[in-house]
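Not measured: the values here are computed from a predicted model.
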Amino acid sequence: MADGKWERAGLVGAAIGVVAAGAAAGVAIERVTVGRGMRRKARLALDAAGSYGSLRGAPGTAIAEDGTELYYEIDETDPVDVPPAEAPRSKRGWLRASRTRPAPLPVTVVFSHGYCLNQDAFHFQRAALRGAVRTVFWDQRSHGRSERGHDQAEGGPVSIDQLGRDLKAVLDAAVPEGPIVLVGHSMGGMTVMAFADQFPEYVAERVAGVALVSTSAGKLAAVTFGLPAAGARAFRAVAPGVLKVLGSQVDLVERTRRATADLFAGIIKRYSFGSDDVDPAVERFAERLIEATPIDVVAEFYPAFTEHEKADALEVLDGLPGLVLAGDKDLLTPSAHSTEIAERLPAAELVVVPGAGHLVLMERPELVNAALARVVAEAADAVRAPVPPRLRELTGAVDA
């Protein structure tokens, strides 16, 4: 496609927006050979084919430090599936405070999603764990059903530290007592690290385990997105300025994104998934999540990632039952970043999934679910919290 044609269609700006959304970077789009109407019908058929993102729990709202309302949902454990609790061990501070209780409280697993996604990105994990363990899913500020960040609406920047404090507000509201396992995907993993960095005493008292999926502790400015070195340098140089401009032209950019959505399916697939055999309905589910993030939110969050450096914060999580998981075809947070995290968390299990990309939680859900079930069961065992039998069963449910 000629440069003039790209510019007339406004696709250059839209492509940069999708790149920053964590879904694309410098990919040549094949010529479209199918009619627009047929493509639209195909998307609608895929949307109807799966109920991905339809699971809902008991809703709640936490208030962030700047007054932003943060939306969360809770899925409770099926009480008939929980065996009698054993007496607690003297292991981590929160147990010392609970010795007068007749039995320890069950573990709650709290999920923090990634950039330009929302809590529904954990659809497959939610479906697998539902009823087997108490879970909390929340939407990060300006994402999903949470409010647009008040600080950002007034022109203030986003920081990963602020997201860590948002997580603390959600924990205070949704999980006021009992042991917690923190799960974070991509930006959500960075949120967990920022939380640990700012609230180490809370971690010592309450956190029983951690799972970090497709994420990074820093050095994101050096990520090449699978581009040649020169192309990666050029992208890093121009992306912040271009995004700032795009963020100031919300209506125009959103119209362009909607009008050209079919062109970006290949881009989103390349930067979300590593294999060629992903269910088309799952690919479409990922597209919907990414497309739902307004361009001004994309622009606001992007600069925070190059400033993210939390390797030292991992010391707070060291010694906990843990999981560090990534796909070896991840172009956004390469698996080498997970390997570096695992080196600082020697008690954690490191799982690198062959052939999987950034959205490994959708691409290989059975494997991810089994790994999560293992760390949750290990965390519950460590504090002698009740472990439902179905959670034990999930630990072996790995797709080959």
Side-chain angles (χ1 to χ4, degrees), residues 62-66 68 70 72 92-94 108-115 136 138-143 146 149 151-152 156-176 179-223 300-326 333 336-348 350 375 379:
I63 306 300
E65 60 187 3
D66 65 345
T68 301
L70 304 170
Y72 64 82
R92 301 197 72 78
W94 74 271
T108 299
V109 187
V110 180
F111 289 80
S112 300
H113 67 78
Y115 179 40
V136 175
W138 68 291
D139 293 331
Q140 303 240 31
R141 63 173 52 228
S142 303
H143 291 70
S146 285
D151 282 347
Q152 288 67 54
V158 175
S159 73
I160 303 299
D161 282 343
Q162 184 179 47
L163 304 185
R165 295 190 293 273
D166 287 351
L167 174 56
K168 175 62 160 54
V170 171
L171 294 176
D172 288 345
V175 200
I180 297 167
V181 174
L182 297 174
V183 180
H185 170 255
S186 190
M187 181 180 75
M190 302 174 204
T191 298
V192 169
M193 295 176 215
F195 165 78
D197 189 38
Q198 296 172 94
F199 304 101
E201 297 85 1
Y202 187 104
V203 173
E205 292 287 325
R206 299 282 308 281
V207 177
V210 63
L212 302 171
V213 180
S214 302
T215 191
S216 173
K219 303 178 184 178
L220 287 169
V223 174
E300 287 168 359
F301 275 69
Y302 180 76
F305 299 111
T306 58
E307 299 173 3
H308 168 67
E309 296 291 341
K310 293 297 180 189
D312 291 343
L314 294 171
E315 182 179 352
V316 179
L317 302 170
D318 187 18
L320 290 171
L323 168 68
V324 181
L325 187 147
T333 53
H337 289 233
S338 289
T339 300
E340 292 179 3
I341 291 172
E343 289 173 354
R344 291 175 175 263
L345 299 176
L350 173 63
V375 74

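Across Ser338 and Val324, no two heavy atoms sit closer than the pair O-CG1, 3.4 Å. Nearest heavy atom pair, residue Ala194 against residue Gly164, reads CB-CA, 4.1 Å. Between Ala304 and Ser159 the shortest heavy-atom distance is CB-CA, 4.3 Å.
In this pair, His113 and Trp138 present their aromatic rings tilted. The plane angle is within the 30 to 60° band. Aromatic ring pairs are classed by plane angle as parallel below 30°, tilted from 30° to 60° and perpendicular above 60°; the pair His143 and Phe301 is perpendicular.
The CZ atom of Arg141 sits 4.0 Å away from atom CG of Asp66, with the distance rounded to the nearest 0.5 Å. Ser216 contributes atom OG, which lies 7.5 Å from atom CD of Glu309 (distance to the nearest 0.5 angstrom). Note: Lys310 NZ to Gln198 CD = 6.0 Å, rounded to the nearest 0.5 Å. We find the NZ-NE2 distance between Lys219 and His308 to be 12.0 Å, quoted to the nearest 0.5 Å. Interatomic distance, CD of Glu315 versus CG of Leu345, reported as 10.5 Å (0.5 Å rounding). One distance of note links CD1 of Ile180 with OH of Tyr202; it measures 3.5 Å at 0.5 Å rounding.
Judged purely by atom type and a 3.5 angstrom limit, Ser142 uses its side chain to pair as donor or acceptor with the backbone of Gly149. Using a distance-only test at 3.5 Å, with no hydrogens or angles considered, no donor-acceptor pair links the side chain of Glu65 to the main chain of Asp166.
Tested against Val192 for a side-chain contact (heavy atoms from CB on, under 4.5 Å), the candidates Val207, Val110, Leu212, Asp197 yield a single pass: Leu212. With Phe195 as the partner, the side-chain contact (heavy atoms from CB on, under 4.5 Å) test is satisfied by one option alone out of Leu171, Leu163, Val316, Val170: Leu171. A side-chain contact (heavy atoms from CB on, under 4.5 Å) with Met193 is found for exactly one of Asp312, Ile160, Ile341, namely Ile341.
Proximity of Val210 to Val203: side-chain heavy atoms (C-beta onward) are nowhere separated by under 4.5 Å. You'll find the side chain of Leu220 reaches within 4.5 Å of the side chain of His337, heavy atoms only. Within the 4.5 Å cutoff, the side chain of Asp318 has heavy atoms near those of the Pro346 side chain. Taking 4.5 Å as the limit, every side-chain heavy atom of Phe111 sits out of range of all side-chain heavy atoms of Val213.
Salt bridge annotation for Asp161-Arg165: absent, with no cationic side-chain nitrogen under 4.0 angstrom from a carboxylate oxygen.
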Item to check | Derivation of the side-chain contact (heavy atoms from CB on, under 4.5 Å) call for Thr333 and Phe305 | outcome: CA-CA 11 Å; Thr333 53; Phe305 299 111; over 6 Å; no
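Judged by distance alone, the side chains of Thr191 and Gln140 do bring a donor and an acceptor atom under 3.5 Å apart.
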